[in-house]
Amino acid sequence: MKPSRAGVARSKPKLGQHFLKDASVAARIVEALGELSASTILEIGPGRGALTSLLVKKARRIIAVEADRVLAAQLRMHFSLQPNVEILEGDIRAMDFSTLFGPKPGSSRPGIEQTPQQVRVIGNLPYYITADILLRLFEYRKYFDVIVIMVQEEVADRLVARPGSRDYGLLSATAQLYARLEKVSSVPPGAFSPPPKVYSAIVRLVLAPRLEQLGVAEADFMRFLKLAFQQKRKTLWNNLKSRYPSRELTRAMQRANVKPTVRAEALSLEQSAGLFRALIDSAPQGV
Ligand code: SAM
């Protein structure tokens, strides 16, 4: 989108507004989403339309959610002749994805379960709410299959980190519980206007939730992970002892073959899930 100078809204740092100016980076992000001709795309924070302008030529339908009222109005005008683009003004964290992507009233037939439409998500994210946005997308994962996002590079490294590495933590464990992740490429500050203070990176997530395979209930296991990672310097034992009695903890760790002295970041998701299940079995009446 190339609005006239007068039409260019000043960037708002509070909304994480660093607009992409490097066309090759924009093309790389869109390319990472794969074949789009039959796809519906959810774009988070379209800004001045650097990604939207590419998507409009490739995707069947684009729903772009922008929090900035002025930008949303400019985008609406710019794409007014494109029937496949819908600009919604609002906070992505408050969007009701079930209403947007779920079955429409009157469209379901008794006894026939509808498969939700699969939506691909793209966004050069406002960095201050990256984790919130990801958690929300995971919550509504039945609607999404592939997510390609630009995030702060440090966050990208945490998202894809392997257990035992310096960067592995709660964010890595959570993301890897719901998706297979890949860092596509690093992006220097000069690709944006205004340039951010940090490097960025493109990350691709293919949703593949592992809750069933690991034999864990979502809310309880998330609570367990939060506790296990609560204080990075503490051992797993010390983080867990506020909730679990010592006897149960000892028994469960023995059963799951986990040493009390390890830290949560050393455990694979399989090992964390094994310990979580052993704790349920060790509790007098479940946990
Ligand atoms: N996609 C554009 C690009 O690549 O040039 C803009 C990216 S800029 C990093 C982030 C965009 O997200 C801004 O346009 C900002 O106004 C918007 N934004 C910030 N917070 C948001 C929120 N909670 N919901 C939706 N959009 C948001």
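Just follow the structure's listing: the first ligand is 1, and inside any ligand the first atom is 1. Values below: all heavy atoms of this structure, side chains included; hydrogens, waters and symmetry mates excluded.
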(message) Show the atoms of ligand 1 that are less than 4.0 angstrom away from any heavy atom in Val65.
(response) 25 (C), 26 (N)
(message) Do Leu236 and Leu275 make a side-chain contact, defined as non-hydrogen atoms from C-beta onward lying under 4.5 Å apart?
(response) yes
(request) Looking only at protein heavy atoms, identify the closest one to atom 27 (C) of ligand 1 and say how far it is in Å. (result) Ala67 CB, 3.6 Å
(message) My understanding is that only residues two or more places apart in sequence, or in another chain, count here; which of them pass side-chain hydrogen bond (donor to acceptor under 3.5 Å, both in side chains) with Arg93?
(response) Asp91
(request) Check whether more than 12 heavy atoms from other residues, nucleotides or ligands sit under 6.0 Å from atom CD of Gln82, and answer yes or no. (result) yes
(message) Test your reading of the model: is there a side-chain donor-acceptor pair from Arg120 to the backbone of Asp145, 3.5 Å cut-off?
(response) no
(message) Please evaluate residues Gln152 and Thr130 with respect to the criterion side chain to side chain donor-acceptor pair (under 3.5 Å), reporting the C-alpha separation (whole Å), side-chain torsions for both, the decisive distance (0.1 Å), and the verdict.
(response) CA-CA 9 Å; Gln152 203 174 316; Thr130 299; over 6 Å; no
(request) Provide the number and element of each atom of ligand 1 under 4.0 Å from a heavy atom of Phe19. (result) 5 (O), 6 (C), 14 (O)
(message) More than 12 heavy atoms of other residues, nucleotides or ligands under 6.0 Å from NZ of Lys259: yes or no?
(response) no
(request) Measure the distance from atom 23 (N) of ligand 1 to every protein heavy atom, then report the residue, atom name and distance (to 0.1 Å) of the closest one. (result) Asp91 OD1, 2.9 Å
(message) For atom 19 (C) of ligand 1, what is the closest protein heavy atom, and at what distance to 0.1 Å?
(response) Leu15 O, 3.0 Å
(request) Could you tell me the residue and atom name of the protein heavy atom closest to atom 14 (O) of ligand 1, and the distance to it rounded to 0.1 Å? (result) Glu66 OE1, 2.8 Å
(request) Check the angle between the aromatic planes of Phe144 and Phe101 and answer parallel, tilted or perpendicular using the 30° and 60° thresholds. (result) perpendicular
(message) How far is atom 2 (C) of ligand 1 from the closest protein heavy atom, and which atom is that?
(response) Pro46 O, 3.2 Å
(message) Using a 4.0 Å cutoff against the non-hydrogen atoms of His18, which atoms of ligand 1 qualify?
(response) 7 (C), 8 (S), 9 (C)
(request) Would you indicate which of Ile44, Leu125, Ile92 comes nearest to atom 24 (N) of ligand 1 when only heavy atoms are counted? (result) Ile92
(message) Please list, in number order, the atoms of ligand 1 under 4.0 Å from a heavy atom of Leu71.
(response) 14 (O)
(message) With a 6.0 Å cut-off on the ring centroids, do Tyr143 and Phe97 count as close?
(response) no
(message) Regarding ligand 1, does Arg48 bring an N or O atom to under 3.5 Å of one of the ligand's N or O atoms?
(response) no
(request) Quick one: look at Glu43 and ligand 1, take heavy-atom pairs under 4.0 Å, and tell me if it's side chain, backbone, both or neither. (result) side chain
(request) Report the member of Ala26, Gly16, Gly123, Gly45 with the shortest heavy-atom distance to atom 1 (N) of ligand 1. (result) Gly45
(request) Determine, considering heavy atoms only, which of Asn124, Ile129, Leu75, Leu20 sits nearest to atom 10 (C) of ligand 1. (result) Asn124
(message) So that I can tick it off, tell me whether Lys58 and Glu31 are bridged by a salt bridge, with the cut-off set at under 4.0 angstrom between side-chain N and carboxylate O.
(response) no
(request) Name the closest protein heavy atom to atom 20 (N) of ligand 1, giving the residue it belongs to and the distance to 0.1 Å. (result) Tyr128 OH, 3.2 Å
(request) Examine Gln17 against ligand 1 and note whether any of their N/O atoms are separated by less than 3.5 Å. (result) yes
(message) Check whether Gln176 reaches the backbone of Leu171 with its side chain - one donor and one acceptor, N or O, closer than 3.5 Å.
(response) no
(request) Can you sort out which atoms of ligand 1 are near Gly90, meaning under 4.0 Å from one of its heavy atoms? (result) 24 (N), 25 (C)
(request) Verify the distance criterion only: is there a donor paired with an acceptor across the side chains of Ser282 and Arg255 at less than 3.5 Å? (result) no
